[in-house]
Number of protein chains: 2
Amino acid sequence: MRATKEKVQFTQQEQELARFAKALSHPMRVAILNYLEKQLQCYTGDLVDIFPMAQSTISQHIKELKEAGLIQGEINLPKTRYCVNQDNWKKAKRLFADFFNVDFKNLTCEI
Amino acid sequence: MRATKEKVQFTQQEQELARFAKALSHPMRVAILNYLEKQLQCYTGDLVDIFPMAQSTISQHIKELKEAGLIQGEINLPKTRYCVNQDNWKKAKRLFADFFNVDFKNLTCEI
DNA sequence: AACATTAATCGTACATTTGCGATATACTCT
DNA sequence: AGAGTATATCGCAAATGTACGATTAATGTT
């Protein structure tokens, strides 16, 4: 049996990175963010037109991105407009850049 | 009802990024990679000593990282030595850098 | 007031992930 | 040969993720 050592908890960095990674762990959600990077904003219906999934499924993926903090929605009935949450996007960018040890120049740039 | 449009499939970039992101979607796996970046190599037992999880669970997380291509193992009985798979690490790094639009310098650097 | 529009949520089915203890494997050492 | 060591794999239970159709909610339009 192994000696009883002080076991290590996961760091905040590890937990936050994993949380963001989880949000990116489905192609649909990556595609939504790719789309939002190009278009700056979109409505749920735009994605339903483009992608081969049911409206309810797409809505669910949007919800996950929202809960992970990567996007935000502005209700404008009957539509909801989504865009990237820039603060958390920058945070995720920084976490991944640090993780991959990438030299990064534009992490502090504004939109 | 919405008009019947040509629905878009996910790009290879989106699928590959999602695959890597899935591998990074658990703090334990992020922690293993963090450890490997510092230590360059490790044995399964090192991780069992450090992290508060059962040996079988840690072995399973290692397996997932291996199957995602991010690490590779060299059997050296009774131990197995793991290290980062540099080719796929670079690939992942590039995918995430592109995704986040980060300027990166050292993507072409060697080990 | 009835209808149309857009999107979220519900309920359900199925698949995958996570964690653990127990067991199997493949050696080395005595 | 038998014991010890390190790790992978199995079998299971619980939790979570994925996808869909149906329903609900909130509004504007006729």
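By convention in this document, chain letters (A, B, ...) are assigned in the order of the sequence lines, proteins followed by strands, and residues within each chain are numbered from 1.
No side-chain heavy atom of B/Asp46 sits less than 4.5 Å from a side-chain heavy atom of B/Thr44. At a threshold of 4.5 Å between non-hydrogen side-chain atoms, the residues A/Leu95 and A/Gln13 count as touching. A/Leu36 is listed as a side-chain neighbour of A/Cys42, based on a closest heavy-atom distance under 4.5 Å. In this structure, the side chains of B/Tyr43 and B/Thr80 stay at 4.5 Å or more apart for every pair of heavy atoms. The closest side-chain heavy-atom distance from B/Gln72 to B/Tyr82 is not below 4.5 Å. Counting only heavy atoms from C-beta outward, the side chains of B/Arg19 and B/Glu67 approach each other to under 4.5 Å. Side chains of B/Gln86 and B/Val84 form a contact here, defined as non-hydrogen atoms less than 4.5 Å apart. Counting heavy atoms from C-beta on, the side chains of A/Arg29 and A/Leu24 never come closer than 4.5 Å.
Atom NZ of B/Lys79 and atom C1' of D/dG4 are 14 Å apart (whole Å). Here D/dG21 presents its C1' atom at 14 Å from CD1 of A/Ile58, a figure rounded to the nearest Å. Summarising the geometry, the separation between CD on B/Glu74 and P on C/dC27 is reported as 14 Å, rounded to the nearest angstrom. Put simply, OH on B/Tyr82 is 8 Å from C1' on D/dT7, counting in whole angstrom units. In this structure, A/Met28 atom CE and D/dA19 atom P are separated by 9 Å, rounded to whole Å. Protein atom CG of A/Asp46 is 12 Å distant from nucleotide atom C1' of C/dA7, rounded to whole Å. Across the protein-nucleic acid pair, B/Leu47 atom CG and D/dT7 atom P stand 9 Å apart, rounded to whole Å. Distance B/Met53 CE to C/dG21 P: 12 Å, rounded to the nearest Å.
Contact annotation for A/Arg29: backbone-only contact, meaning every heavy-atom pair under 4.0 Å involves sugar-phosphate atoms and none involves a base.
Between A/His26 and A/His61, the ring planes are tilted. Angles from 30° to 60° get that label.
Aromatic ring centres of B/Phe96 and A/Phe100: separated by under 6.0 Å.
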Legend entry - ring pair (Phe, Tyr, Trp, His ring centres under 6.0 Å) evaluation trace for A/Trp89 with B/Phe99: CA-CA 11 Å; A/Trp89 181 255; B/Phe99 180 69; 5.4 Å; yes
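At a non-hydrogen distance threshold of 4.0 Å, A/Lys22, A/His26 from residues 13-27 of chain A come into contact with DNA chain D. Of all the residues in residues 60-68 of chain A, A/Gln60, A/His61, A/Glu64 reach under 4.0 Å from DNA chain D with at least one non-hydrogen atom.
Comment: B/Glu64 does not engage B/Lys22 in a salt bridge, judged by the lack of any side-chain N to carboxylate O separation of less than 4.0 angstrom.
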Inset, instruction - Quick one, give me the B/S/- string for nucleotides 23-30 of chain D, reading 5' to 3', where B means a protein heavy atom under 4.0 Å from the base and S means that only happens at the primed atoms, P, OP1 or OP2. - result: ---SS---
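OP1 or OP2 of C/dA8 has not a single side-chain nitrogen or oxygen of A/Ser56 nearer than 4.0 Å. The phosphate of C/dA7 has neither OP1 nor OP2 within less than 4.0 Å of any side-chain N or O from A/Thr80.
Closest approach to the B/Ser59 side chain among C/dA7, D/dA19, D/dA8 is made by D/dA8 (side chain taken as heavy atoms from C-beta onward).
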